[in-house]
Amino acid sequence: MKILVIEDDKELAKAIQFQLEKEDFSVELCHDGEEGLYYMQEKSHDLVILDRMLPHMDGVTLLKEARRSHVSTPVIFLTALGELNDKICGLECGADDYMVKPFAFEELLARIRCLMRRPGKWDDSSILRLGDVSFDPESNLLTKENSECTLSKREGSLMEIFLRNPGQTLTRTVLLNRVWGIDSDVEDGNLDNYIHFLRRRLKSVGSTLNLKTVRGVGYCMEVFY
């Protein structure tokens, strides 16, 4: 399960990331409202933990814009604004839950797991299907009929992004940020290597999906029916 934490307090964000990763969640951090909206609109996370007081765009505006863009990803507000009207506003603008700082991590974890148990929220994202393949992000298993192969964690993260965004050209920057992290200093060549690995994986199961290079921009997963 992938969680996006949008929090401008970098120390708090790092602490949340550390605790969640100990529980085997995959966590990405973002410290800016406008950037947070951009990542939410990619629809590549399973849950968002969102602060209300953010630079460039506040959390309420961010969430309203995300919901207008048909982003249905569950959101937990985690904020210092704890008056009743604040909570009502947060829930009415599209949040699934609302927590007030300071908080106990055990409670945050319990609320995350509660959202995971809600019917209809998670089943659709458990197995991804596109064209002639199925992909399980939990086991990183790529399947086509009777052929299958297991991807590495990095390959799996990259494959998941492409399968969630079929036909869309994803820039190199977006792919590097999503798979290696916003603050990573990974070189472009690493992305090219993993694109090569994914093409080999698709070929190994006999898929007709085409991972196309869009010169000077990025890559696009083409589907042929």
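Predicted model only: the values in this text are computed from it and were never measured.
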Review point. Mind checking what makes ring-ring contact (aromatic ring centres under 6.0 Å, His included) contact with F77, not counting sequence neighbours?
Key: Y98
Practice item. Would you name the heavy atoms of L50 and G59 that are closest together and state the gap between them? Key: CD2-O, 3.6 Å
Exercise for review: Would you kindly say whether D32 and Y38 are connected by a side-chain donor-acceptor distance under 3.5 Å?
Suggested key: no
Exercise for review: Applying salt bridge (charged side-chain N to carboxylate O under 4.0 Å, His left out), name anything that partners D9, two or more places apart in sequence or on another chain.
Suggested key: none
**Study point:** salt bridge (Lys or Arg N to Asp or Glu O under 4.0 Å) between D51 and K10, worked out
**Key:** CA-CA 12 Å; D51 188 16; K10 294 184 179 181; over 6 Å; no
Exercise for review: Show your reasoning for whether side chain to side chain contact (heavy atoms under 4.5 Å, CB included) applies to I16 and L78.
Suggested key: CA-CA 11 Å; I16 294 172; L78 185 60; 3.7 Å; yes
Check your understanding: Sub-3.5 Å donor-acceptor pair from the side chain of Q17 to the main-chain atoms of V27, do we have one?
Key -> yes
Check your understanding: Donor-acceptor pair, D96 side chain versus V75 backbone, under 3.5 Å?
Key -> yes
**Study point:** Partners passing ring-ring contact (aromatic ring centres under 6.0 Å, His included) against F197 (at least two apart in sequence or in another chain)
**Key:** Y194
Check your understanding: Between T150 and N140, does any side-chain donor sit less than 3.5 Å from a side-chain acceptor?
Key -> no
Exercise for review: State plainly whether one hydrophobic cluster holds both L141 and L158, where clusters connect Ile, Leu, Val, Met, Phe, Trp and Tyr through side-chain heavy atoms under 4.5 angstrom apart.
Suggested key: no
Check your understanding: salt bridge (Lys or Arg N to Asp or Glu O under 4.0 Å) between R111 and E107: does it pass, once the steps are laid out?
Key -> CA-CA 6 Å; R111 291 180 185 235; E107 182 181 358; 2.5 Å; yes
Practice item. Determine, for E160 against K2, whether the closest basic-nitrogen to carboxylate-oxygen distance falls under 4.0 angstrom. Key: yes
Point to revise | Where V100 and A80 come nearest, the two heavy atoms and their spacing | key: CG1-O, 4.2 Å
Review point. Can we say D8 and R52 salt-bridge, meaning some charged N sits less than 4.0 Å from an Asp/Glu carboxylate O?
Key: no
Study note, to complete from the structure: Those residues at least two apart in sequence (or on a different chain) that pass salt bridge (charged side-chain N to carboxylate O under 4.0 Å, His left out) with R129 are none
**Study point:** Single-linkage hydrophobic cluster L81~I88, side-chain heavy atoms < 4.5 angstrom
**Key:** no
Review point. Are E7 and K101 within salt-bridge range, i.e. N to O under 4.0 Å?
Key: yes
Exercise for review: Check whether any side-chain heavy atom of L142 lies under 4.5 Å from a side-chain heavy atom of L202, and answer yes or no.
Suggested key: yes
Revision key, fill the gap. Hits for side-chain contact (heavy atoms from CB on, under 4.5 Å) against N165, two or more places apart or cross-chain, chain-then-number order -> I161, Q168, L170
Check your understanding: Any salt bridge (charged side-chain N to carboxylate O under 4.0 Å, His left out) pairs touching residues 194-207, not counting sequence neighbours?
Key -> E155-R201
Review point. Does F18 have any side-chain contact (heavy atoms from CB on, under 4.5 Å) partners at least two apart in sequence or in another chain, and if so, which?
Key: K22
Practice item. Name all pairs fulfilling the salt bridge (charged side-chain N to carboxylate O under 4.0 Å, His left out) condition that reach into residues 204-213, sequence neighbours left out, sorted by first residue then second. Key: K212-E222
Exercise for review: Quick one: closest heavy-atom pair of M99 and A104, and the distance?
Suggested key: CE-O, 4.4 Å
Check your understanding: Hydrophobic clusters join Ile, Leu, Val, Met, Phe, Trp and Tyr when side-chain heavy atoms are under 4.5 Å apart, directly or via other members; which others share one with V214?
Key -> V217
**Study point:** Residues that S69 engages under side-chain contact (heavy atoms from CB on, under 4.5 Å), provided they are two or more places apart
**Key:** Q41, V71
Point to revise | Minimum side-chain heavy-atom gap D46-I3 below 4.5 Å | key: no
Point to revise | With sequence neighbours excluded, residues passing salt bridge (charged side-chain N to carboxylate O under 4.0 Å, His left out) with E23 | key: R113
Exercise for review: Please check if the side chain of S147 supplies one atom and the backbone of T143 the other of a donor-acceptor pair under 3.5 Å.
Suggested key: no
Practice item. Using modelled atom types only, decide if a donor and an acceptor are shared between the side chain of T213 and the backbone of R215 within a distance under 3.5 Å. Key: no
Check your understanding: Which is it for N210 and M221 under the side chain to side chain contact (heavy atoms under 4.5 Å, CB included) test, yes or no, and what are the steps along the way?
Key -> CA-CA 6 Å; N210 178 42; M221 184 69 82; over 6 Å; no
Practice item. Would you check, one step at a time, whether the test side chain to side chain contact (heavy atoms under 4.5 Å, CB included) holds for L198 with L151? Key: CA-CA 8 Å; L198 287 194; L151 280 59; 3.9 Å; yes
Revision key, fill the gap. With sequence neighbours left out, the residues meeting salt bridge (charged side-chain N to carboxylate O under 4.0 Å, His left out) with E11 are none
